[in-house]
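The next block holds one structure in the form of C-alpha cells; read it before the comments.
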Amino acid sequence: MAVTLAEVAAHAGVSPATVSRVLNGGYPVAGGTRTRVEQAVEELGYVANGPARALAAATSDLVGVLVHDVADSFFGILAGSLQSALAPKGHGDPRRLAVVCNTEGAPEAELAYLTLLEGQRAGGVVLTGGAVEEPGHTTALAARITRMADAGAPVVLCGRPPLPVPAALPVATVMFDDRGGAFRLAEHLLSLGHRRIAYVAGPPGLSTTRVRLGGHREALRRHDPALPEACDPLTVHAGFERSAGYDATRELLRRGAPFTAVAAANDTVATGVAAALREAGLRIPGDVSVAGFDDLPVCVDTAPALTTVRVPLREAGILAAQLVTGRRPLPPGGITTLPTELMVRGSTAPPPPEGSRP
C-alpha cells in the first residue's frame with residue numbers, strides 16, 4: 001500500500017495541509033516543522049502523486065527539454081547544465097523533474113512531444129537547437145506554445161529565433177550570436193591570407209544554418225563585394241554529424257575547385273572534414289586550415305587543436321533554467337542574446353605558397 005499524505009502528517013505530528021505546503025514549496029513553514037516533515041517523508045518512503053498535484057494546480061513540477069539529439073555533445077552539455085540548474089536553491093524552492101525529449105530535428109516530433117507535455121500539465125518547456133524554418137510548422141509551433149504559456153507554463157526558446165506569440169505571455173528567447181561568431185571566424189581566415197575558403201554548412205531550412213552561413217558570407221562579401229549571394233562551388237550543405245563532414249569534404253575535393261581553408265558548421269563536422277583531408281594526403285594546417293563552431297570539449301584534444309567559435313552552452317542552460325522556473329524575470333522584449341567568442345588554435349595558419357600543395 002502506498003503511504004498517504006495523512007500518514008506522513010500523523011508521523012510528523014502536523015496537519016496534512018502543512019505537509020502539502022512543505023512538499024509544494026513556495027509557502028512559509030518553520031524550519032523545525034519542515035525538518036520533521038522531510039524526515040517523515042524519508043522514513044515512510046512517501047512519493048507524491050504527481051498527476052493529482054498537477055490536477056490540483058494549473059501545472060506540474062515537470063519541465064520538458066526538447067533536444068535534436070541527446071547523443072550530440074552540443075545538446076548534452078546544454079541539457080546537463082539546464083538540469084543541474086533546476087535543482088532547488090533553498091527552502092521553499094520545489095524540486096523539478098526534467099524530461100529530455102529527443103526529436104531528431106523532426107518538426108512533427110517536436111509538436112508531438114509538446115502535445116504529450118501539455119497533457120502532463122508540464123510546469124515549463126525549453127526548446128533547444130535550431131528551428132525548422134517552414135511557415136506551416138512555425139505557425140503550428142507558435143499556436144502550441146501560445147496555448148501552453150497561456151495555461152501558465154513558461155516556455156524558453158534556447159538557441160533559436162523568437163516565435164510570433166503575444167508579448168504578455170511567459171515566453172523567453174535565449175539566442176547565440178552565431179552570425180557574429182561566423183563573421184569573426186571568416187575574418188580570421190581572411191586575415192591569415194586565405195581567399196579560397198570552403199564552407200561545410202548545416203542542413204538547409206534550419207535557422208542555425210541560415211544564420212551561421214549568413215555571417216560567413218557577410219565577411220567574404222565585405223572583403224569582395226562582388227561575391228554572389230547564391231551558393232558557390234566551395235559551399236556544401238550537410239548534416240551535423242562527423243560522417244556528414246567527411247562526405248562533404250570528399251565532394252569538395254571531387255569538384256576540383258581549389259581551396260586553402262574549410263570552415264565547418266560545427267566541431268563534430270570539422271572532425272570529419274579533417275579525416276577526409278588527411279585521407280587525401282593533405283596536412284592540417286600546412287596544406288589546408290580547418291575551423292569548427294561551438295567549442296566542444298573535443299576541440300582541445302584534436303591534433304592540431306581546433307580553431308572554433310565558443311558558444312556559451314553551459315551559461316545558456318543555467319539561464320534557461322532560471323527563466324523557465326521564474327527565478328529570473330523575462331528580459332525586455334523577452335530576448336537575450338549571448339555572445340560568442342573566436343578561439344584560435346593550431347588548426348588554422350597562413351595558406352601555403354601557390355603551387356606548393358600536393
Side-chain angles (χ1 to χ4, degrees), residues 74 159 175-202 208-229 231-238 240 245 248-249 252 257-278 282-313 315 337-354 356-357:
F74 178 100
M175 300 176 66
F176 304 121
D177 182 21
D178 280 350
R179 187 179 184 92
F183 180 91
R184 288 187 292 275
L185 178 58
E187 270 197 328
H188 165 66
L189 294 172
L190 289 166
S191 71
L192 290 174
H194 294 280
R195 297 296 179 263
R196 298 187 299 274
I197 304 171
Y199 191 83
V200 180
T208 304
T209 300
R210 173 180 55 80
V211 173
R212 293 184 181 182
L213 181 56
H216 174 79
R217 284 184 168 161
E218 182 184 352
L220 297 186
R221 280 196 303 272
R222 188 165 297 187
H223 176 77
D224 179 7
L227 183 74
E229 284 283 347
C231 287
D232 55 72
L234 294 182
T235 298
V236 178
H237 283 275
F240 287 129
T249 305
L252 285 167
F259 55 88
T260 60
V262 183
N266 67 17
D267 298 333
T268 305
V269 171
T271 61
V273 170
L277 291 174
R278 289 195 180 98
L282 298 171
R283 301 166 300 158
I284 302 168
D287 298 315
V288 180
S289 290
V290 177
F293 209 107
D294 292 338
D295 196 25
L296 299 178
V298 69
C299 290
V300 296
D301 295 323
T302 59
L306 186 66
T307 290
T308 185
V309 174
R310 180 182 181 271
V311 176
L313 297 174
E315 295 90 330
T337 301
L338 299 179
T340 54
E341 180 183 2
L342 177 65
M343 310 296 290
V344 178
R345 300 192 179 104
S347 67
T348 52
E354 287 290 338
S356 65
R357 202 176 99 171

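In plain terms, the two heavy atoms of Pro304 and Arg278 that are nearest each other are CD-NH2, 3.7 Å. Closest approach of Gly292 to Leu185, counting heavy atoms only: O-CD2, 3.4 Å. Here the shortest heavy-atom pairing between Pro312 and Leu338 reads CG-CB, 3.7 Å. For the pair Pro285 and Gly346, the tightest heavy-atom approach, listed with the atom from each and the gap, is CG-O, 3.4 Å. Closest approach of Thr268 to Leu296, counting heavy atoms only: OG1-CD1, 3.8 Å. Across all non-hydrogen atoms, the minimal contact from Ala201 to Ala265 is C-CB, 3.8 Å.
Under the 4.5 Å side-chain criterion, counting only non-hydrogen atoms from C-beta, Phe240 is in contact with Thr209. Using a 4.5 Å heavy-atom cutoff, the side chains of Leu277 and Arg283 are not in contact. Put simply, the side chain of Met175 does not reach to within 4.5 Å of the side chain of Val211, judged on heavy atoms. Side-chain atoms of Asp178 and Thr340, non-hydrogen and from C-beta on, do get closer than 4.5 Å to each other.
Atom CG in Asp301 sits 11.0 Å away from atom CG in Leu306 (nearest 0.5 Å). One finds the CZ atom of Arg184 at 8.5 Å from the CD atom of Glu341 (value rounded to the nearest 0.5 Å). Between Tyr199 atom OH and Arg212 atom CZ the span is 7.0 Å, to the nearest 0.5 Å. Distance check, rounded to the nearest 0.5 Å: CD of Glu187 to CG of Leu220 gives 10.0 Å. Atom OG1 of Thr208 is separated from atom CG of Asn266 by 10.0 Å, given to the nearest 0.5 angstrom. Put simply, CG on Asp295 and CG on Leu313 are 9.0 Å apart, with the number rounded to the nearest 0.5 Å.
Using a 3.5 Å distance cut-off with no hydrogens or angles, the side chains of His188 and Thr307 do not pair a donor with an acceptor.
Side-chain N or O atoms of Ser347 include none that pairs as donor or acceptor with a backbone N or O of Ala291 at under 3.5 Å. Between the side chain of Asp267 and the backbone N or O of Cys299 there is no donor-acceptor pair closer than 3.5 Å. Although no hydrogens or angles enter the test, the distance criterion places no donor-acceptor pair under 3.5 Å between the side chain of Thr308 and the main chain of Met343. The backbone N or O of Ala248 lies less than 3.5 Å from no partner atom in the side chain of His237, so there is not a single donor-acceptor pair.
Every residue two or more places apart in sequence or in another chain that forms a salt bridge (Lys or Arg N to Asp or Glu O under 4.0 Å) with Arg222 is listed here: Glu218.
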